[in-house]
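Chain letters run A, B, ... following the sequence lines, proteins first and then strands; every chain starts at 1.
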2 protein chains.
Amino acid sequence: MFPAMRVKIVGLDPHQQYYIAMDIVPVDNKRYRYVYHSSKWMVAGNADSPVPPRVYIHPDSLASGDTWMRQVVSFDKLKLTNNELDDQGHIILHSMHKYQPRVHVIRKDFSSDLSPTKPVPSGEGVKTFSFPETVFTTVTAYQNQQITRLKIDRNPFAKGFRDSGRNRTGLEAIMETYAFWRPPVRTLTFEDFTNMQKQQGGSNFWSSLVITFGMSV
Amino acid sequence: MFPAMRVKIVGLDPHQQYYIAMDIVPVDNKRYRYVYHSSKWMVAGNADSPVPPRVYIHPDSLASGDTWMRQVVSFDKLKLTNNELDDQGHIILHSMHKYQPRVHVIRKDFSSDLSPTKPVPSGEGVKTFSFPETVFTTVTAYQNQQITRLKIDRNPFAKGFRDSGRNRTGLEAIMETYAFWRPPVRTLTFEDFTNMQKQQGGSNFWSSLVITFGMSV
DNA sequence: CAGTTCTCACCTAGGTGTAAAATT
DNA sequence: AATTTTACACCTAGGTGAGAACTG
């Protein structure tokens with residue numbers, strides 16, 4: 001999956017052990033098609049039947065709160081497939097559907113049955129974060145030129161398709177000289193999240209947990 | 001370092017957590033030179049002054065005894081350097097000296113000060129294994145054709161230097177068709193080790209620890 | 001014919017020994 | 001003269017979109 005989701009985590013217990021995991025859930029019950037002349041995704045019927053749930057457990061798991069908080073947690077190794085019989089542990093999605101990635105922070109002492117092929121457990125030791133700007137629509141071929149350009153311009157592995165003849169604009173050219181530049185990040189506190197989800201309030205333990213999202217572009 | 005050291009471990013407590021680490025210690029206090037006409041390494045003076053000790057902590061650390069015992073533990077990412085100012089965490093050695101790799105099994109509850117830049121602690125919670133057949137002499141350029149051929153024939157990354165014109169012998173040709181072939185392994189029990197090292201006896205906890213060595217060729 | 005699969009050239013990233021050049 | 005460093009071609013391994021081929 002590119003761009004990869006990247007998060008910064010604050011407020012964990014430095015000495016407690018945690019798993020961090022991602023799953024990807026349907027946004028609605030619809031199938032979509034892209035209408036080129038209006039540049040919009042339109043509903044094209046009901047969703048296909050749901051697929052076996054998969055969870056991507058971040059490869060740095062298990063790690064201490066301290067370790068997680070000292071790094072940007074990147075999900076750039078997460079892979080997607082439309083093959084419902086996949087045996088590579090990839091996350092299985094339907095093409096032409098809308099999905100929302102979720103980040104789960106799972107306390108070790110609560111993770112008795114954490115598995116790549118079972119839904120993430122819910123309860124006191126697990127907190128889940130979603131960032132609405134990361135909703136995406138799955139395709140098997142790109143439906144418009146903007147997304148193709150984003151992919152080619154931002155993914156190092158697609159360098160071979162960059163049109164070096166096409167000149168960058170003045171601003172872009174300047175940006176390129178700042179190799180360390182990163183787009184602005186957005187911060188979402190656990191309180192924001194609980195409000196958004198109309199959740200009934202978290203334990204003290206989690207009250208300071210903050211997770212910040214930035215795209216890896 | 002190629003060929004990489006690979007070990008199989010038996011007899012750990014499946015539910016206990018362990019680090020596994022490697023360091024490389026001088027075999028003697030001498031510097032060597034290779035005498036081509038006799039195909040032998042000869043003493044060529046006293047060793048250079050010792051170098052800051054480094055430890056390679058196996059990247060699968062920290063893991064349970066169960067996890068360690070279920071896999072072949074391979075040290076193929078271990079890197080060597082002759083640069084005493086190295087800041088990449090590589091193990092620093094002198095060229096033209098004889099060295100012996102050691103494998104350390106370190107119980108988590110004993111590993112308070114385990115660090116890549118400090119000597120491995122010794123004591124009740126740490127057991128160390130050496131395999132005399134892994135002694136090697138460091139060089140900056142290969143000193144004889146046999147070692148060059150071993151490196152080129154056995155290391156996939158050196159495939160570009162293989163002389164596909166030179167025909168394999170009948171036996172070698174047959175061997176090559178068995179992709180899964182591995183050289184015989186040698187088993188060393190902790191008792192063997194204690195005898196060899198004239199150690200004063202281990203705790204019950206470790207009495208069944210066995211470590212088996214095989215080269216990754 | 002919209003959607004999917006497959007093969008391919010072209011990249012990133014990094015592990016090899018060679019041979020020339022530099023060092024001591 | 002022996003040893004070490006450096007630039008380089010050639011690999012492994014795997015992530016890209018293009019475009020042809022295929023599917024229903």
Exercise. Is there a side-chain polar atom (N or O) of B:S95 under 4.0 Å from OP1 or OP2 of D:dT3?
Worked result: no
Problem set entry | B:R33, CZ: over 12 other non-hydrogen atoms inside 6.0 angstrom | no
Exercise. For B:E84 and D:dT4, what is the distance between atoms CD and P respectively, to the nearest whole Å?
Worked result: 12 Å
Problem set entry | Rounded distance (nearest 0.5 Å) linking atom NZ of A:K98 with atom CG of A:L93 | 15.0 Å
Are there any protein N/O atoms within less than 3.5 Å of an N/O atom in nucleotides 10-17 of chain C, and if so, which ones and at what distance?
{"unit_1": "C:dT12", "atom_1": "OP1", "unit_2": "A:K159", "atom_2": "NZ", "d": "3.1"}
{"unit_1": "C:dG15", "atom_1": "OP1", "unit_2": "B:K79", "atom_2": "NZ", "d": "2.9"}
{"unit_1": "C:dG15", "atom_1": "OP2", "unit_2": "B:K79", "atom_2": "NZ", "d": "3.2"}
{"unit_1": "C:dG15", "atom_1": "N2", "unit_2": "B:F157", "atom_2": "O", "d": "3.0"}
{"unit_1": "C:dT16", "atom_1": "OP1", "unit_2": "B:N155", "atom_2": "ND2", "d": "2.6"}
{"unit_1": "C:dT16", "atom_1": "O5'", "unit_2": "B:N155", "atom_2": "ND2", "d": "3.3"}
{"unit_1": "C:dG17", "atom_1": "OP1", "unit_2": "B:Y142", "atom_2": "OH", "d": "2.5"}
{"unit_1": "C:dG17", "atom_1": "OP2", "unit_2": "B:Y142", "atom_2": "OH", "d": "3.1"}

For this session: Could you tell me whether A:K108 atom NZ has more than 12 heavy atoms of other residues or ligands within 6.0 Å of it?
Result: no
Exercise. Can you tell which of A:I106, A:L62, A:D13 makes a side chain to side chain contact (heavy atoms under 4.5 Å, CB included) with A:Y18?
Worked result: A:D13
Seminar exercise, completed: Rounding to 0.5 Å, atoms NZ (B:K77) and OH (B:Y56) come to a distance of 7.5 Å
Exercise. Between A:H58 and A:Y19, is the gap from one ring center to the other below 6.0 Å?
Worked result: no
Exercise. CD of B:Q143 versus P of C:dT18: gap in Å, rounded?
Worked result: 13 Å
Short heteroatom pairs, N/O only, protein and nucleotides 5-7 of chain C, under 3.5 Å:
{"unit_1": "C:dT5", "atom_1": "OP2", "unit_2": "A:N82", "atom_2": "ND2", "d": "2.7"}

Exercise. Would you find more than 12 non-hydrogen atoms of other residues, nucleotides or ligands less than 6.0 Å from B:R102 atom CZ?
Worked result: yes
Problem set entry | Distance in angstrom units between B:D48 CG and C:dT24 P, rounded | 15 Å
Problem set entry | Integer-rounded Å distance: D:dT23 P and A:N83 CG | 16 Å
Exercise. Charged N to carboxylate O under 4.0 angstrom, B:R31 versus B:D48?
Worked result: yes
Seminar exercise, completed: A:I147 CD1 to D:dA18 P, in whole Å, measures 12 Å
For this session: Check the distance between D:dT16's P and A:L80's CG and give it to me in whole angstrom.
Result: 11 Å
For this session: To the nearest Å, give me how far apart CZ (A:R31) and P (C:dG3) are.
Result: 8 Å
For this session: Starting at NE2 of B:H97, measure out to CG of B:N82 and round the result to the nearest 0.5 Å.
Result: 11.0 Å
Exercise. Separation of A:R149 atom CZ from D:dT16 atom P, in whole Å?
Worked result: 19 Å
